[in-house]
Amino acid sequence: MALQPREALKTFFGYDAFRPNQEGVIEAVMAGRDVLAVMPTGAGKSICFQTPALCLPGYTLVLSPLISLMADQVQALRQNGVAAACLNSASLPQERREALYQAANSVCKLLYAAPERLQNEEFRAFCQAHPPALVAIDEAHCVSQWGHNFRPDYVAIAPFLDTLPTRPPVAAFTATATQAVQEDIVRLLALRNPYCQLASFDRPNLTFAVQRPKNRQAKREALLALCRKHAGQCGIVYCQTRKAVDEVCDFLTEQGLAAARYHAGLTLAERRWSQEEFVYDRKLVMVATNAFGMGIDKSNVSFVIHYNMPLDLEGYYQEAGRAGRDGEAADCVLLYSPKDRVTAEFLIDAGFTDQPDLDPALKDSLRDRALERLKQMTFYATTTHCLRHCILDYFGENAPLFCGHCGNCTTNFVEEDATLEAQKIISCVYRLRERNRIVGRSTIVAILRGAKDQKILASGFDTLSTYAIMAEISTHRVRSVLDALIEAGLLQASGGPYPVVEFCERSMVFLRNRERFVVKLPKEPEPPREKRGKGRRQVSFAPGLPQAGGELFSRLKELRAEIASEMGIPAYMVFNNATLHAMCVKMPRTRWELLDVPGVGEVKAERFGARFLEVIRAYEEGGGLPELI
Ligand code: ADP
Ligand code: ZN
C-alpha cells in the first residue's frame, strides 16, 4: 500500500499528528483538490505539501519566489532524508539535468523552482513529458497587485498549467492575504473550486509588548535589558534607518554582545556575511533595517525588538512574526518614542519624492493611506488596550478584548465591577430601541456622555432619558465597557465594518435579573506629559510555554552547534529548540524513546541520535535533575 501522510509525517519529520489547520489541507490535496491556505508564519505550511509529495506518485513541483528560501527548504528536507532538489539559474546545467532525471523517475519527490523557470523552453518540455503530481505555490500573494510583493511571473503560472497534458491539483499558500488578495489568488491562479483554509492570524506563542522609554539613554538601557534577558538566544533588532542600525549595532557590540548588522548601504558581500553569521548562530543578535528578513527561514529567533516604530502594522506584524517560528515562546517588543512618528512621516514623504512621475492625485491618495496606516501604528504604540486584540482587529479578526499575556493585559488591565456602568449603557440602547433607532458605538458613547454636536441634537438624542448620564466618565472608559458588553454577548453588534449595536435577549435578562458585570478593563491611558517615564512595562511569557535555560538544554545546544558546524548547516536544521526542549522533558534513553520526541524522524535519529542520547545519559548520571520547565 502507498505511504500514508501520517506515516510520512512520523517517519521523515518525527511528528505524531497533523495540526488541525494542516489536516484539512492535506486531505484535500490527497483527494486531488485545489487548495487555498492562508496560514500565519510558523503554522506549518510546508508540511502541507511536503507530506503529500512523499505519498503521491511522481514528483511535486514547488514554486517559490526566493532562491534562499528554496535552498533552505531543500537543505532541511535532505536532513530529514527526503530527496529534493532546487532548479535555479545558479546551478550547473549538469545538476539541473540530474534533478530533472531524478524527478522523472520519482527518485526526487520535490522539485523547487522560481516561477521564472516556467518560461524556460527546456523546462516546459520536461513538464509536458512528465507532468507533476501536484503543484504547490508558496507565497501565493505575490500574484496579486494588492499584495505587498507583486511579481508578474506569478501571473504566468495559470497559463503554464493549461499547457500540461493533465492539469495537476494546485495548492496555493500564503501567510498574508487580505480578502482582496485572496480573491486575486483564486482568480489569477485559476484555482478550481479550492478547499479554503483560512487560519487565524493569531500567533499564541508570541508575547507582544510596548515600552516607552523617556529618552535615548533609557531606550538603549531598555534594549540592553531585553537582550540580556534573552542571553544565549537569537534575536533581531529592527531600526528605522541605516544610521540607527550602525549606532545600535556598535552600542551592543561595545556592551559585549555578539551582534551583526544588515542594511541596504552595505556591500552585497557584507550583507551575505552578516546574514550567515546570524543564520549559523555565530552572531546572536541581528540589527537591521526592514531590508532584512524576507526569505530567512530561521526558526529559532526568540525575540524581535523594534528600536523604532515601523510605518504600519502590516510591516510590524510581518517583522515581529519572524520570532518563534518553532512554536516556542518569543517576545516582540516595540520601543516607542514620539520622535519615531516624525521620522516615519518624513520617510513616507521621502518615498514619494523619489517618484516624480507619479500622477499627483494618485500620489496624494497613496500618501493619505500611508498616513492613515501610520496613525493605526501609532495607536498600537500608545494604546492601553490588549495589543493582540489591536493587531487582530486590524486584520479584520474578531479577537477577545483581553488576551491575558501581552504587555498591556499583564500590567494595564484591572478586574472591576462595572455593573452600574453596564446598566446605564444597556438602558441607553433600550431607550433608543423604543424610538426605533439603532446606532453605532460612537453615537452611543456620545449620547451617554452628553455630546452637543449637531448629529446628536438634530436627531433629538438629547431628549433621551439616558442622555448625559455618564458625562463624568471618560470616552475611553465608556467605550471600553461598551466593547466588553458586546464581547460578553450582553449587547449585539452586527453588520459591516461600522457595526450597529442592538438590544438582545441577553440584555433583557441582564437588566431584569440585576446581574453583576465584573470584567477586566484597561486602565485609563496616561495623559501624554505628566506621568511620563512611570516605569517600564514588564514583558512576560505566554503561560505554560517552556523557556530556554537549564543545564541540559545548554548541553544539548552545544552538541547541536557542534554537529551543525561539522555538517556545515545552520543549527536549527539539526533540531529546532522545541525538539531540544522536548528532549529535556522526556529524557529519552533509547532510540525508540528518542523517536517519540516531536521533531525526531528516522533519518535524524539514525544520523545523530546516539550523540544526543549520550549527552542526556551523561547528564542523568552526573546527578543533574531533569529540567523542570
Ligand atoms: P510556515 O512555513 O507556515 O511558516 P513551517 O513550515 O516553517 O511554517 O513550520 C513551522 C514549525 O512547525 C517548524 O519547526 C515545523 O517543523 C513545525 N511543524 C510543522 N508541522 C508540525 C506538526 N504537525 N507537528 C509539530 N510540529 C510541526
Ligand atoms: Zn493582551
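Small disclaimer: the values here were computed from a predicted structure and weren't measured.
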>> Quick check with a 6.0 Å cut-off and a 45 degree axis cone: is Lys298 positioned over the face of Phe278's six-membered ring?
In response: yes
Write down the atom of [X], the atom of [Y], and the distance for their closest heavy-atom approach.
| X | Y | answer |
| --- | --- | --- |
| Gly568 | Tyr280 | O-OH, 3.6 Å |
| Pro598 | Ala582 | CD-CB, 4.0 Å |
| Tyr154 | Ala140 | CE2-CA, 4.1 Å |
| Pro570 | Gln75 | CD-OE1, 4.1 Å |

>> Could you walk me through whether Leu580 and Arg560 satisfy the side chain to side chain contact (heavy atoms under 4.5 Å, CB included) test, starting with their C-alpha distance in whole Å, then the side-chain angles of each, then the deciding distance to 0.1 Å, before giving a yes or no?
In response: CA-CA 9 Å; Leu580 296 193; Arg560 176 174 72 175; 3.7 Å; yes
Out of curiosity, [X] [atom1] to [Y] [atom2], how far, rounded to the nearest 0.5 Å?
| X | Y | atom1 | atom2 | answer |
| --- | --- | --- | --- | --- |
| Arg203 | Tyr317 | CZ | OH | 6.5 Å |
| Asp331 | Ser302 | CG | OG | 9.0 Å |
| Leu552 | His581 | CG | NE2 | 10.5 Å |
| Ile47 | Tyr15 | CD1 | OH | 6.5 Å |
| Gln128 | Leu164 | CD | CG | 6.0 Å |
| Leu206 | Glu328 | CG | CD | 12.0 Å |

Any side-chain heavy-atom pair of [X] and [Y] under 4.5 Å:
| X | Y | result |
| --- | --- | --- |
| Val600 | Val597 | yes |
| Gln79 | Val603 | no |
| Cys127 | Thr163 | no |
| Pro194 | Arg33 | no |
| Glu27 | Val35 | no |
| Glu593 | Leu613 | no |
| Thr60 | Pro132 | no |
| Glu122 | Arg96 | no |

Counting distance only, does the side-chain N/O of [X] pair as donor-acceptor with the main-chain N or O of [Y] below 3.5 Å?
| X | Y | value |
| --- | --- | --- |
| Gln22 | Arg19 | yes |
| Arg322 | Val304 | no |
| Lys109 | Val82 | no |
| Lys10 | Leu595 | yes |
| Glu487 | Leu401 | yes |
| Asp34 | Arg192 | yes |
| Thr51 | Cys48 | no |
| Asn105 | Tyr101 | yes |

If you draw a 6.0 Å radius around [atom1] in [X], do more than 12 non-hydrogen atoms from other residues or ligands fall strictly inside?
| X | atom1 | answer |
| --- | --- | --- |
| Asp162 | CG | yes |
| Arg124 | CZ | yes |
| Glu562 | CD | yes |
| Arg589 | CZ | no |
| Arg272 | CZ | no |

Which one of [options] satisfies the side chain to side chain contact (heavy atoms under 4.5 Å, CB included) criterion with [X]?
| X | options | answer |
| --- | --- | --- |
| Trp273 | Arg271, Glu277, Glu276 | Glu277 |
| Arg388 | Cys403, Cys409, Pro400 | Cys403 |
| Tyr572 | Asp326, Asp281, Thr579, Val279 | Val279 |

>> Please determine whether side chain to side chain contact (heavy atoms under 4.5 Å, CB included) holds for the pair Tyr316 and Cys332, giving the CA-CA distance in whole Å, both sets of side-chain angles, and the decisive distance to 0.1 Å.
In response: CA-CA 10 Å; Tyr316 178 67; Cys332 305; 3.9 Å; yes
> Going through the checks in order, is the side chain to side chain contact (heavy atoms under 4.5 Å, CB included) test met by Ser274 and Met286?
Replying inline: CA-CA 8 Å; Ser274 285; Met286 173 62 99; 4.0 Å; yes
>> Under a 4.0 Å threshold between the charged nitrogen and the carboxylate oxygen, would Arg617 count as salt-bridged to Glu621?
In response: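 Judged by the 4.0 Å cut-off on N to carboxylate O distance, Glu621 and Arg617 do form a salt bridge.
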>> I'd like to know if Glu606 pairs up with Arg591 as an ion pair, taking the criterion as any Lys NZ or Arg NE/NH1/NH2 lying under 4.0 Å from an Asp or Glu carboxylate oxygen.
In response: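 So Glu606 pairs with Arg591 through a salt bridge.
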> Can you check whether Phe402 and His389 have ring centres sitting under 6.0 Å from each other?
Replying inline: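 Ring-ring flag for Phe402/His389: false, centres at least 6.0 Å apart.
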Taking side chain to side chain contact (heavy atoms under 4.5 Å, CB included) as the definition, give me every residue that meets it alongside [X], ordered by chain and number, with sequence neighbours left out.
| X | result |
| --- | --- |
| Asn88 | Ile67, Cys86, Ala90, Ser91 |
| Gln73 | Ser46, Phe49, Gln50, Tyr112, Asp138, Asp297 |
| Ala133 | Leu56 |

> Given Gln102 and Glu98, is the side chain to side chain donor-acceptor pair (under 3.5 Å) satisfied, shown in steps?
Replying inline: CA-CA 6 Å; Gln102 296 200 342; Glu98 180 74 22; 3.2 Å; yes
> Do Glu314 and Gln318 meet the criterion of a side-chain donor-acceptor pair at a distance under 3.5 Å?
Replying inline: no
> Side-chain donor-acceptor pair under 3.5 Å between Ser64 and Glu139, yes or no?
Replying inline: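 No pair is found: no donor N or O on one side chain lies under 3.5 Å from an acceptor on the other.
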>> Please determine whether side chain to side chain contact (heavy atoms under 4.5 Å, CB included) holds for the pair Leu61 and Leu134, giving the CA-CA distance in whole Å, both sets of side-chain angles, and the decisive distance to 0.1 Å.
In response: CA-CA 6 Å; Leu61 175 63; Leu134 166 70; over 6 Å; no
> Which ring pair (Phe, Tyr, Trp, His ring centres under 6.0 Å) pairs, counting each pair once, include a residue from residues 50-84, with sequence neighbours left out?
Replying inline: Tyr59-Phe126
> Partners of Glu558 by salt bridge (charged side-chain N to carboxylate O under 4.0 Å, His left out), sequence neighbours excluded?
Replying inline: none
>> My understanding is that only residues two or more places apart in sequence, or in another chain, count here; which of them pass salt bridge (charged side-chain N to carboxylate O under 4.0 Å, His left out) with Arg607?
In response: none
> How are the rings of Phe612 and Phe575 set to each other: parallel, tilted or perpendicular (split at 30° and 60°)?
Replying inline: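 Geometry flag for Phe575 against Phe612: perpendicular rings.
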